[in-house]
Amino acid sequence: MLTQQPTRPFCENCKISLAKPNGISKHKFKQWHKYCVQCSKAMYNTQYGYLLHKKSKCDKCNFLPEDNCQLDLVYVDGNKKNKSVKNMLTLCANCNRVHQKKLKEKNKSILDITVDADVTI
Ligand SMILES: [Zn+2]
Ligand SMILES: [Zn+2]
């Protein structure tokens with residue numbers, strides 16, 4: 001039996017984010033889930049299973065986040081339907097911004113042939 005409120009644990013899967021709240025016990029203590037919001041979503045909803053491809057650090061600069069929200073799971077080719085491991089990259093918010101810009105430039109260069117010649121893709 002619990003005699004005092006346990007501290008909120010970290011998610012057992014990603015070990016980055018704090019565990020998701022899981023109601024109040026009969027002794028009026030807050031209970032915590034094993035996983036954080038994002039991991040439990042990935043574990044229990046096959047539609048979000050791809051979220052488990054998310055790593056604990058940035059694939060590009062090896063940035064270690066304080067919280068999972070600083071990392072994004074991005075699609076290498078920009079195609080959100082392609083959820084294969086190979087098409088998934090874990091990027092920090094900073095690297096993701098560059099990634100999104102490059103994707104835009106890439107798409108633009110296909111549509112717009114007058115795109116600046118010095119844009120590197
Ligand atoms: Zn987690
Ligand atoms: Zn990064």
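Order of listing sets the numbers, starting from 1, for every ligand and every atom in it. On a predicted model such as this, the values are computed, not experimentally measured, just so you know.
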Non-hydrogen side-chain atoms of [X] and [Y] separated by less than 4.5 Å:
{"X": "Phe63", "Y": "Asn94", "result": "no"}
{"X": "Val74", "Y": "Met88", "result": "no"}
{"X": "Lys83", "Y": "Asn87", "result": "no"}

Q | Minimal non-hydrogen separation, Lys55 against Thr90, with atom names | A |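 Scanning both residues completely, I find the closest heavy atoms to be N-OG1, 2.9 Å.
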Q. Shortest non-hydrogen contact from Ala93 to Asp72?
A.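 Looking at all heavy atoms of both residues, the shortest contact is CA-OD2, 4.1 Å.
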Q) Which protein N, O or S atoms does the Zn ion (ligand 2) have within a distance shorter than 2.8 Å? A)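 Near the Zn ion (ligand 2), below 2.8 Å, one finds Cys58 SG, Cys61 SG, Cys92 SG, Cys95 SG.
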Q) Out of curiosity, does Tyr75 fall in the hydrophobic cluster containing Leu71 (side-chain heavy atoms, cut-off under 4.5 Å, transitive links)? A)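 Cluster IDs for Leu71 and Tyr75 differ.
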(Q) Using a 4.5 Å cut-off between side-chain heavy atoms of Ile, Leu, Val, Met, Phe, Trp and Tyr, which other residues end up in the same hydrophobic cluster as Phe10? (A)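 For the cluster that includes Phe10, the remaining residues are Leu18.
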Q) If you draw a sphere of radius 2.8 Å around the Zn ion (ligand 1), how many protein N/O/S atoms end up strictly inside it? A)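 With waters ignored, the protein N/O/S count below 2.8 Å is 4.
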Q) Between Tyr44 and Tyr35, how do the two ring planes meet: parallel, tilted or perpendicular, split at 30° and 60°? A)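 It falls in the tilted class, 30° to 60°.
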Q: Apply side-chain contact (heavy atoms from CB on, under 4.5 Å) to Ser56 and list each qualifying residue two or more places apart in sequence or on a separate chain.
A: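 Ser56 satisfies side-chain contact (heavy atoms from CB on, under 4.5 Å) with Ile16 once adjacent residues are dropped.
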